[in-house]
Visitor: 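I'd like to ask some things about the structure below.
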Amino acid sequence: MFRDFVPSILNVSRQCLANGEEDVASIAFEIFDELIESPAPLLGDSVRSIVQFSLEVCSNQELEINIRQQAIQIISWLVKFKASFLKKHKLIIPILQVMCPLLTETANEDGDSDLAADRSAAEVIDTMAINLPRHVFPPVLEFASVSFRHINPKYREAAVTSLGVVSEGCCEHLKDKLEDCLKVVLEALKDQEQMVRGAASFALGQFAEHLQPEILAHYESVLPCILNAIEDPSDEVKEKSYYALAAFCEDMGEDILPYLDPLMCRLVMSLQGSPRNLQETCMSAIGSVAAAAEQAFMPYAEKVLEMMKGFMVLTSDEDLCARARATEVVGIVAMAVGRARMEAILPPFIEAAISGFGLDYSELREYTHGFFSNVAEILDESFTQYLPHVVPLAFSSCNLDDGSAVDIDDADSVDNGFSGVSSDDEENDEPRVRNISVRTGVLDEKAAATQAIGFFALHTKSAYAPYLEESLKILIRHSGYFHEDVRLQAIISLKHILTAIRAIPPAHVDVLEKQKDVLDTVMNIYIKTMRDDDDKEVVAQACMGLADIVRDCDITRLAEATLILLRQESCCQQVESDGEDDGDIDHDEVLMDAVSDLLPAFAKVMGSYFDPIFAKLFDSLMKFAKSPHPPQDKTMVVATLAEVAQGMGAPISAYVDKIMPLVLKELASSEATNRRNAAFCVGEICKNGGAAALKYYGDILQGLHRLFADSEPDDAVRDNAAGAIARMIMVQPQSIPLNQVLPVFIKALPLKEDHEESMVVYSCVCNLLLSSHPQILPLVPDVINAFAQVVVSPNESDEVKTVVAKAVSHLISVYGQQMQPILSALPPAHANALASFANRR
């Protein structure tokens with residue numbers, strides 16, 4: 001066995017290092033690299049000694065950086081491809097105990113920054129966070145908490161860097177500690193040392209990017225700090241602060257409005273007087289502010305667009321990146337302020353964008369395709385006039401040579417940095433590509449052009465007909481492209497192509513045949529992607545695409561592909577399994593949420609006929625609700641069951657006994673989302689489960705009662721509990737103790753957050769009123785008060801308000817004199833609104 005030679009290899013390597021023969025010792029790392037790469041379980045228990053040796057080497061500052069890099073790379077490969085080994089042998093904390101302190105190492109100013117130990121350590125920690133989030137976060141948080149108070153600024157820098165680095169992989173864990181971690185980062189943003197402030201602005205940008213939407217709740221403390229940071233004397237801090245601002249503002253929505261004027265004043269001023277690199281990140285920030293502010297950006301649009309026009313005519317090589325950013329910003333501003341403001345002034349910008357293709361700069365072409373996508377969305381079918389000019393440009397980018405070179409043997413040139421192209425290949429039965437040399441600009445350009453083709457088709461519909469055949473060829477080819485970013489856009493755009501071809505009037509039989517052919521092609525690609533693609537995001541997008549077109553598809557085939565995903569047997573779900581797993585399972589939000597959404601889509605289309613297919617999927621779905629699956633998996637299952645019951649109807653009764661123990665338990669979950677979905681689910685089960693659900697009514701009412709108590713902090717949970725009660729009353733009123741239930745139910749009205757429950761809740765109350773049910777009549781004053789709030793609410797539909805008004809009119813006509821004091825007690829605005837709707841009937 002190869003593993004028997006490992007101790008001897010390690011002994012010789014240690015002797016070589018002691019004798020200064022680092023080039024000989026480095027051969028050991030090449031051997032270990034081969035062992036890690038092998039699909040056969042060659043490492044065995046020797047993994048512990050390999051890791052120990054690698055950690056000794058990478059932490060030894062007396063050694064040359066090249067061999068230390070080799071050692072770090074071994075750790076990185078193990079983390080990425082043999083994570084279960086590290087868990088089994090309890091090596092995660094020992095690795096972090098070396099990698100975190102390496103963040104404090106000062107790089108040699110004369111050396112290659114790509115080989116710096118601190119940067120490489122950050123990349124390893126990042127990879128660990130993505131692959132082993134729950135194991136990585138506690139020790140990293142402990143390191144950050146201790147190091148943040150260190151007198152040495154490198155330690156303070158390392159503290160906030162570590163938090164930023166793990167924010168993607170450990171996002172769910174960081175969200176739970178967000179307030180404490182954010183406090184550290186914001187304090188570091190005021191540190192006297194530039195290196196610490198720079199690291200803090202980087203971390204804040206990472207938080208803003210990966211901790212959505214929770215981070216937005218802290219805008220009152222975050223935005224003022226960023227505003228100060230963009231005036232930092234250090235250009236490095238400014239640049240990273242613009243990045244943080246761009247990431248933070250994009251999804252703020254109307255919360256940005258109080259800060260809009262000071263933000264835009266500073267950003268415009270900075271744009272006018274900064275060096276090019278700062279202008280570029282400043283433009284990104286302006287784009288994000290515009291996206292958040294939408295129509296409120298109108299007062300700043302003219303000034304910004306005029307400035308962008310100046311950038312969009314630059315032709316010098318060193319200015320083309322700024323021109324690309326400016327092109328992007330014009331598209332974002334146009335989306336924000338809308339067609340009415342932009343349509344007349346767009347032509348010169350479009351002309352400038354097209355002329356940019358004459359300059360040989362891939363990033364400019366990439367951003368220009370994004371610009372055209374935005375313009376197509378704004379102008380919709382009016383974009384047709386530009387198709388002859390822009391479609392050939394998109395085709396040209398899609399047909400570019402990749403300039404890719406895959407090197408299997410060059411172990412000395414491995415680049416696993418943040419700026420590199422990731423292979424993300426977790427298959428152990430394939431040779432691992434160690435170094436991918438790709439013209440990344442071309443890759444990004446292809447992804448943007450592929451997206452643009454989809455947007456052009458979606459928004460110009462039948463007018464896109466002349467370009468459909470070539471577009472389809474490109475998208476079919478790109479659905480199997482080597483990089484997931486391009487495949488992702490191809491999968492999205494295929495659905496848009498289908499939308500466009502369906503918009504062509506079926507004047508001839510050949511049009512109908514072509515529509516069917518394209519549907520079959522898209523469906524086959526989606527199913528193949530679900531089975532064979534190795535990227536979860538791409539597979540998830542295929543699932544979402546199928547959910548939208550399921551009505552016209554062969555659901556039996558789709559269900560087979562769905563079952564493979566539920567069984568976690570698809571290509572993208574295969575991970576190395578050389579060691580015994582420790583039972584940890586993290587919720588796969590990207591993939592499984594999309595997979596689970598397919599079942600309700602099937603049920604909605606097939607109704608009760610979905611039952612035999614659901615029977616085949618049921619057990620595999622329910623496994624996600626069992627230990628050791630996390631709470632997010634359990635609530636995913638419950639939400640899926642609720643929507644399947646809603647769509648499938650009566651056949652759900654056969655599953656009630658298997659479903660109800662889970663759902664009742666979830667009603668008492670510590671997670672609000674779980675309680676909310678459980679409340680919705682019991683309502684749908686009771687509505688559709690018939691007699692099979694009756695025996696659970698007592699337990700259900702007991703579980704729901706807790707959700708109406710003052711101790712329930714979440715309004716959406718209470719709203720869904722009200723929805724459940726309403727469904728129960730409507731199907732089995734005789735089985736509900738209305739004298740006890742109605743006072744609690746009515747007290748919870750009006751609904752506060754989940755207005756999708758409004759129709760069922762208020763229809764239930766109105767039916768009781770229209771039938772003059774004796775248990776509802778004593779509660780009429782409370783009901784009228786709730787109804788008055790419903791009719792003035794901007795969140796309720798006119799349909800709901802009309803249902804409410806009908807009941808009020810009935811009460812007035814039957815109990816006229818008794819109703820007058822109740823109506824008179826309402827606030828005048830509420831009374832008038834109620835009267836207005838009642839009179840509309």
Visitor: Heavy-atom distance under 4.5 Å between the side chains of V663 and I700, does that happen here?
Guide: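 V663 vs I700: side chains apart.
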
Visitor: Looking at residues at least two apart in the chain, or sitting in another chain, which of them share a side-chain contact (heavy atoms from CB on, under 4.5 Å) with E753?
Guide: R676, D715, A716, D719

Visitor: To check you understand the geometry: which heavy-atom pair defines the closest contact between S471 and I497, and what is its length?
Guide: CB-CD1, 3.8 Å

Visitor: Please indicate whether E254 has more than 12 foreign heavy atoms, meaning atoms of other residues, nucleotides or ligands, lying under 6.0 Å from its CD.
Guide: no

Visitor: Name all residues meeting the side-chain hydrogen bond (donor to acceptor under 3.5 Å, both in side chains) criterion together with D532; count only those two or more places apart in sequence or in a different chain, and write none if there are none.
Guide: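 For D532 there are no side-chain hydrogen bond (donor to acceptor under 3.5 Å, both in side chains) partners, ignoring immediate neighbours.
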
Visitor: So which atom in G689 and which in V656 form the shortest heavy-atom distance, rounded to 0.1 Å?
Guide: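 Of all heavy-atom pairs spanning G689 and V656, the closest is CA-CG2, 4.3 Å.
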
Visitor: As an exercise, state the distance from CG of L494 to OG of S479, rounded to the nearest 0.5 Å.
Guide: 6.0 Å

Visitor: Can you check whether A645's main-chain N or O pairs, donor with acceptor, with N688's side chain at less than 3.5 Å?
Guide: yes

Visitor: I'd like to know if the side chain of Q573 reaches the main chain of L565, judged simply by a donor and an acceptor atom lying under 3.5 Å from each other, with no hydrogens or angles considered.
Guide: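 Yes, the answer is positive, given that a donor and an acceptor are paired below the 3.5 Å cut-off.
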
Visitor: For a 4.5 angstrom cut-off between non-hydrogen side-chain atoms, does F680 reach D754?
Guide: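 Heavy-atom side-chain distance check fails, nothing below 4.5 Å.
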
Visitor: How about NZ on K665, more than 12 heavy atoms from neighbouring residues, nucleotides or ligands closer than 6.0 Å, or not?
Guide: no

Visitor: Okay, side chain of Q515, backbone of I504: is any donor-acceptor separation there less than 3.5 Å?
Guide: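 Yes, the answer is positive, given that a donor and an acceptor are paired below the 3.5 Å cut-off.
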
Visitor: Below 4.5 Å, heavy atoms only, C-beta onward: do L598 and L558 meet side chain to side chain?
Guide: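 Answer no - side chains too far apart.
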
Visitor: Is there a donor-acceptor pair closer than 3.5 Å between any side-chain N or O of N674 and the backbone N or O of P631?
Guide: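 Yes, because the side chain of N674 sits within donor-acceptor range (under 3.5 Å) of the backbone of P631.
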
Visitor: Sequence neighbours left out, what pairs pass salt bridge (Lys or Arg N to Asp or Glu O under 4.0 Å) with at least one residue falling in residues 602-626?
Guide: none

Visitor: Between S669 and E666, does any side-chain donor sit less than 3.5 Å from a side-chain acceptor?
Guide: no

Visitor: Should the pair K495-D548 be classified as a salt bridge under the 4.0 Å nitrogen-to-oxygen rule?
Guide: yes

Visitor: Other residues, nucleotides and ligands only: do more than 12 of their heavy atoms fall within 6.0 Å of CD on E537?
Guide: no

Visitor: Give every residue pair that meets the ring pair (Phe, Tyr, Trp, His ring centres under 6.0 Å) criterion with at least one member in residues 518-563, sequence neighbours excluded.
Guide: none

Visitor: Are any non-hydrogen side-chain atoms of I453 and C398 less than 4.5 angstrom apart?
Guide: yes

Visitor: Any idea how F456 and Y464 line up, ring-wise: parallel (<30°), tilted (30 to 60°), or perpendicular (>60°)?
Guide: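 If you compare the ring of F456 with that of Y464, the planes turn out tilted.
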
Visitor: Do K461 and D380 have side chains that get closer than 4.5 Å, going by heavy atoms?
Guide: yes

Visitor: Listing request: all side-chain hydrogen bond (donor to acceptor under 3.5 Å, both in side chains) pairs with a residue in residues 634-651, at least two apart in sequence or in separate chains.
Guide: T635-N677, Q646-E684

Visitor: Please name the pair of heavy atoms, one in I613 and one in A559, separated by the smallest distance, quoted to 0.1 Å.
Guide: CG2-CB, 3.5 Å

Visitor: Within the 4.5 Å heavy-atom criterion, are F248 and F207 side-chain neighbours or not?
Guide: no

Visitor: Considering residues at least two apart in sequence or located in another chain, which fulfil the side-chain hydrogen bond (donor to acceptor under 3.5 Å, both in side chains) criterion with S758?
Guide: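 Only E796 meet the side-chain hydrogen bond (donor to acceptor under 3.5 Å, both in side chains) criterion with S758.
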
Visitor: Between the side chains of R718 and E712, is the shortest nitrogen-to-carboxylate-oxygen separation below 4.0 Å, so that they form an ion pair?
Guide: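 Answer for the salt bridge query: no.
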
Visitor: Which distance, rounded to the nearest 0.5 Å, do you find between the CD1 of I685 and the CD1 of I652?
Guide: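 Taking CD1 in I685 and CD1 in I652, the distance rounds to 5.0 Å.
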
Visitor: Are E560 and R557 ion-paired here, with the side-chain N under 4.0 Å from a carboxylate O?
Guide: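 Judged by the 4.0 Å cut-off on N to carboxylate O distance, E560 and R557 do not form a salt bridge.
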
Visitor: Holding to side-chain contact (heavy atoms from CB on, under 4.5 Å), I want the full list of residues that pass it with N374, two or more places apart in sequence or in another chain.
Guide: I332, M335

Visitor: Can you list every ring pair (Phe, Tyr, Trp, His ring centres under 6.0 Å) pair that touches residues 639-679, not counting sequence neighbours?
Guide: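 Sorted result for residues 639-679: F614-Y655, F618-Y655.
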
Visitor: Hey, are the side chains of K687 and V760 touching, using non-hydrogen atoms and a 4.5 Å cut-off?
Guide: no

Visitor: What are the two closest non-hydrogen atoms of M544 and A594, and how far apart are they?
Guide: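 That closest heavy-atom pairing would be CG-CB, 4.1 Å.
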
Visitor: Run the side-chain contact (heavy atoms from CB on, under 4.5 Å) test against S653 and tell me which residues pass, sequence neighbours left out.
Guide: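 Testing S653 for side-chain contact (heavy atoms from CB on, under 4.5 Å), a comparison that skips the adjacent residues, returns A692.
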
Visitor: Got a second to check how far H173's NE2 is from S167's OG, nearest 0.5 Å?
Guide: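 Going from the NE2 atom of H173 to the OG atom of S167 covers 13.0 Å.
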
Visitor: Where do P713 and R675 come nearest, in terms of heavy atoms and distance?
Guide: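 The pair with the smallest heavy-atom distance is CD-NH2, 3.9 Å.
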
Visitor: Hydrogens and angles aside, do Y367 and E445 bring a side-chain donor and acceptor to less than 3.5 Å of each other?
Guide: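 There is no such pair between these side chains.
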
Visitor: Are the charged groups of D534 and R487 less than 4.0 angstrom apart, N to O?
Guide: yes

Visitor: Determine whether K514 and V518 satisfy the following criterion, side chain to side chain contact (heavy atoms under 4.5 Å, CB included), listing intermediate values before the conclusion.
Guide: CA-CA 6 Å; K514 186 65 177 174; V518 173; 4.2 Å; yes

Visitor: With rounding to the nearest 0.5 angstrom, report the CE to OG1 distance, M523 to T521.
Guide: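 Taking CE in M523 and OG1 in T521, the distance rounds to 9.5 Å.
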
Visitor: Output all residues satisfying ring pair (Phe, Tyr, Trp, His ring centres under 6.0 Å) with Y481, sequence neighbours left out; order by chain, then residue number.
Guide: H478

Visitor: Could you pull out the closest heavy-atom pair between S462 and A503, with the gap in Å?
Guide: CB-O, 3.7 Å

Visitor: Of N131, I130, V166, T127, which meets side-chain contact (heavy atoms from CB on, under 4.5 Å) against V136?
Guide: V166

Visitor: I need the I501 CD1 to E469 CD distance, nearest 0.5 Å.
Guide: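 The distance works out to 9.5 Å.
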
Visitor: Test side chain to side chain contact (heavy atoms under 4.5 Å, CB included) on L641 and L621 and set out the steps.
Guide: CA-CA 9 Å; L641 292 170; L621 173 69; 4.0 Å; yes

Visitor: Using atom types as modelled and distance alone, determine if a side-chain donor or acceptor of Q212 lies under 3.5 Å from a backbone N or O of A208.
Guide: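 Looks like yes, one N/O pair under 3.5 Å.
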
Visitor: Between F383 and H459, is the ring centroid distance below 6.0 Å?
Guide: no

Visitor: Hey, is the main chain of D593 close enough, under 3.5 Å, to the side chain of S596 for a donor-acceptor pair?
Guide: yes

Visitor: Decide side chain to side chain contact (heavy atoms under 4.5 Å, CB included) for L216 and D255; before the verdict, give the C-alpha distance in whole Å, the side-chain angles of both, and the deciding distance to 0.1 Å.
Guide: CA-CA 9 Å; L216 296 178; D255 287 336; 5.7 Å; no

Visitor: When you check the gap from the basic side-chain N to the acidic O, do E757 and R727 get nearer than 4.0 Å?
Guide: yes

Visitor: Roughly how far, to the nearest 0.5 Å, is OG of S570 from CD1 of I564?
Guide: 8.0 Å

Visitor: For residues 649-662, pull every pair meeting salt bridge (Lys or Arg N to Asp or Glu O under 4.0 Å), keeping only residues two or more places apart or in separate chains.
Guide: D657-K695

Visitor: Applying side-chain contact (heavy atoms from CB on, under 4.5 Å), name anything that partners Y609, two or more places apart in sequence or on another chain.
Guide: M606

Visitor: Check step by step if side chain to side chain contact (heavy atoms under 4.5 Å, CB included) holds for D633 and M592.
Guide: CA-CA 9 Å; D633 277 1; M592 291 316 301; 5.5 Å; no

